[in-house]
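Sequence positions, counted from 1, serve as the residue numbers for this chain.
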Amino acid sequence: MQLGLIGLGKMGGNMRERIRRAGHTVIGYDRNPEVSDVKSLAELVEKLDAPRQVWVMVPAGTATQTVVDELGDLLEPGDTVIDGGNSRWTDDEKHAAALGIKGIGFVDAGVSGGVWGLENGYALMVGGEKENVDRLQPIFDALKPEGPYGYVHAGRVGAGHFSKMVHNGIEYAMMQAYAEGWELLEKVHSVENVREVFRSWQEGTVIRSWLLDLAVNALDDDEHLEKLRGFAEDSGEGRWTVEAAIDNAVPLPAITASLFARFASRQDDSPQMKMIAALRNQFGGHAVEKKG
């Protein structure tokens with residue numbers, strides 16, 4: 001099967017290789033000419049036989065919108081666009097409608113696997129009309145992990161990215177729980193080998209997971225994480241998950257708290273903590289630390 005793949009970064013480049021290993025033809029385009037197979041989107045489309053399948057793997061928002069718009073002008077009725085980035089599900093609905101007017105199909109694919117996906121496979125959450133999804137099944141089979149799990153046709157357009165968004169929200173909360181437990185273990189004097197405590201949880205416990213394995217890997221590289229600054233970005237999907245929860249009146253206390261914890265990480269001198277310190281001093285005479 002032929003596939004055009006746009007965006008050959010950490011994820012896209014490995015996805016191209018995994019699909020090729022499965023025996024399919026992948027023509028890749030990237031703004032970096034050193035990794036690109038063609039010089040332009042137009043050339044990519046020219047090299048694909050109709051009906052064409054083009055997978056977009058670029059950052060969500062303006063970058064994805066620009067590529068989808070350009071593909072809308074280059075592709076023909078019967079072709080299909082797959083957005084495998086981390087787009088907001090509401091954007092999927094707009095893209096599907098705009099392309100649909102031109103007879104071009106649209107599928108959204110939430111992709112999880114990161115830099116490990118080349119060897120382990122990628123978990124895929126797909127949204128779109130059954131006809132479009134079924135046509136792409138050989139590509140999904142090439143990308144997914146071996147065995148019965150790791151792929152789902154989650155529903156209509158937008159369902160794939162919505163499912164991946166919730167997946168990432170859960171990921172936020174899980175990482176926050178591991179981080180809080182690690183800090184508490186590091187804080188007490190009685191626990192002398194925190195890294196090995198984490199390692200002991202990898203087998204036989206109810207909290208074992210791939211994230212726990214990755215935490216142990218990180219501690220093997222830097223036992224007390226002394227090389228790192230306590231700063232964590234958010235990709236946007238955590239925010240979208242909380243916003244969707246508000247829209248649907250679904251309580252998400254753990255995921256919401258984990259998102260806010262990342263915001264706190266960006267404050268070297270928390271304004272909120274200033275107020276709390278001032279209030280404790282006012283009502284109880286508790287000591288405060290002065291600057292300078």
Side-chain angles (χ1 to χ4, degrees), residues 1-30 35-58 64 67-68 70-87 92 95-96 99-100 102-114 116-157 159-161 163-164:
M1 187 173 187
Q2 281 188 329
L3 180 74
L5 181 57
I6 301 168
L8 302 172
K10 292 179 181 178
M11 288 274 283
N14 282 345
M15 289 168 62
R16 175 176 61 175
E17 177 61 24
R18 185 172 175 89
I19 296 169
R20 284 176 173 173
R21 288 180 184 180
H24 302 290
T25 299
V26 183
I27 300 172
Y29 169 73
D30 193 274
V35 300
S36 189
D37 300 317
V38 292
K39 296 179 180 179
S40 67
L41 290 186
E43 184 182 353
L44 180 144
V45 171
E46 288 175 6
K47 288 183 175 293
L48 294 171
D49 298 329
R52 304 168 186 84
Q53 285 73 229
V54 181
W55 190 302
V56 181
M57 206 69 190
V58 302
T64 295
V67 172
V68 170
E70 188 168 350
L71 287 174
D73 294 331
L74 292 170
L75 296 175
E76 300 174 345
D79 296 344
T80 305
V81 173
I82 310 98
D83 180 7
N86 283 331
S87 293
D92 296 327
H95 295 156
L99 293 173
K102 302 180 179 182
I104 302 168
F106 180 84
V107 170
D108 59 289
V111 183
S112 181
W116 301 82
L118 175 58
E119 300 301 329
N120 298 340
Y122 300 88
L124 302 170
M125 295 140 273
V126 176
E129 295 182 8
K130 186 176 186 301
E131 178 184 359
N132 294 329
V133 172
D134 287 349
R135 189 183 308 120
L136 293 159
Q137 197 62 52
I139 300 299
F140 298 143
D141 289 341
L143 286 170
K144 69 179 286 295
E146 294 183 9
Y149 306 115
Y151 165 83
V152 62
H153 181 190
R156 64 187 66 181
V157 166
H161 281 147
S163 299
K164 176 58 164 41

Inset, instruction - To the nearest 0.5 Å, tell me how far Glu119 CD sits from Glu17 CD. - result: 9.0 Å

Legend entry - From CG (Asp108) to NE2 (His95), nearest 0.5 Å: 11.0 Å

Considering non-hydrogen atoms only, spot the tightest contact between [X] and [Y] and give its length.
{"X": "Glu76", "Y": "Ile104", "value": "O-CG1, 3.6 Å"}
{"X": "Ala142", "Y": "Ala22", "value": "CB-CB, 3.5 Å"}
{"X": "Ser36", "Y": "Gly28", "value": "OG-O, 3.5 Å"}
{"X": "Gly105", "Y": "Leu99", "value": "O-CD1, 4.3 Å"}
{"X": "Ser112", "Y": "Lys164", "value": "CB-CE, 3.7 Å"}
{"X": "Tyr122", "Y": "Pro145", "value": "O-CD, 3.2 Å"}

Do [X] and [Y] come within less than 4.5 Å of each other through their side chains, counting heavy atoms only?
{"X": "Gln137", "Y": "Tyr151", "result": "yes"}
{"X": "Ile27", "Y": "Glu43", "result": "no"}
{"X": "Ile19", "Y": "Trp55", "result": "no"}

Inset, instruction - In sequence, state the C-alpha distance, the side-chain angles, and the governing distance for Glu46 and Val38, and then conclude on side-chain contact (heavy atoms from CB on, under 4.5 Å). - result: CA-CA 10 Å; Glu46 288 175 6; Val38 292; over 6 Å; no

Inset, instruction - Show the numbers, then the answer: is there a side-chain contact (heavy atoms from CB on, under 4.5 Å) between Val45 and Leu71? - result: CA-CA 8 Å; Val45 171; Leu71 287 174; 4.3 Å; yes

Has [X] got a side-chain atom pairing as donor or acceptor with [Y]'s backbone, closer than 3.5 angstrom?
{"X": "His161", "Y": "Ser163", "value": "no"}
{"X": "His153", "Y": "Gly128", "value": "yes"}
{"X": "Lys39", "Y": "Ala42", "value": "no"}
{"X": "Arg18", "Y": "Leu143", "value": "yes"}
{"X": "Lys102", "Y": "Gly72", "value": "yes"}

Throw together a table of side-chain donor-acceptor distances under 3.5 angstrom for residues 2-16, partners on residues two or more places apart or in other chains.
residue, atom, partner, partner atom, Å
Gln2, OE1, Asp49, N, 2.7
Asn14, ND2, Lys10, O, 3.4
Arg16, NH1, Val35, O, 2.9
Arg16, NH1, Asp37, OD1, 3.2
Arg16, NH1, Asp37, OD2, 3.1
Arg16, NH2, Val35, O, 3.2

Inset, instruction - Would you check, one step at a time, whether the test side-chain contact (heavy atoms from CB on, under 4.5 Å) holds for Thr64 with Asp83? - result: CA-CA 8 Å; Thr64 295; Asp83 180 7; 3.6 Å; yes

Legend entry - Among Arg135, Glu131, Gln53, the one residue meeting side chain to side chain donor-acceptor pair (under 3.5 Å) with Thr80: Arg135

Inset, instruction - List in chain and number order the residues that pass side chain to side chain contact (heavy atoms under 4.5 Å, CB included) with Glu129, two or more places apart in sequence or in another chain; answer none if no residue qualifies. - result: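 By the side chain to side chain contact (heavy atoms under 4.5 Å, CB included) rule, Glu129 matches Asn132.
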
Inset, instruction - For Arg156, look at atom CZ and say whether over 12 heavy atoms of other residues, nucleotides or ligands are found less than 6.0 Å away. - result: no

Inset, instruction - Could you give me the CA-CA distance, side-chain angles and deciding distance for Val111 and Leu124, then say whether side-chain contact (heavy atoms from CB on, under 4.5 Å) is met? - result: CA-CA 5 Å; Val111 183; Leu124 302 170; 3.9 Å; yes

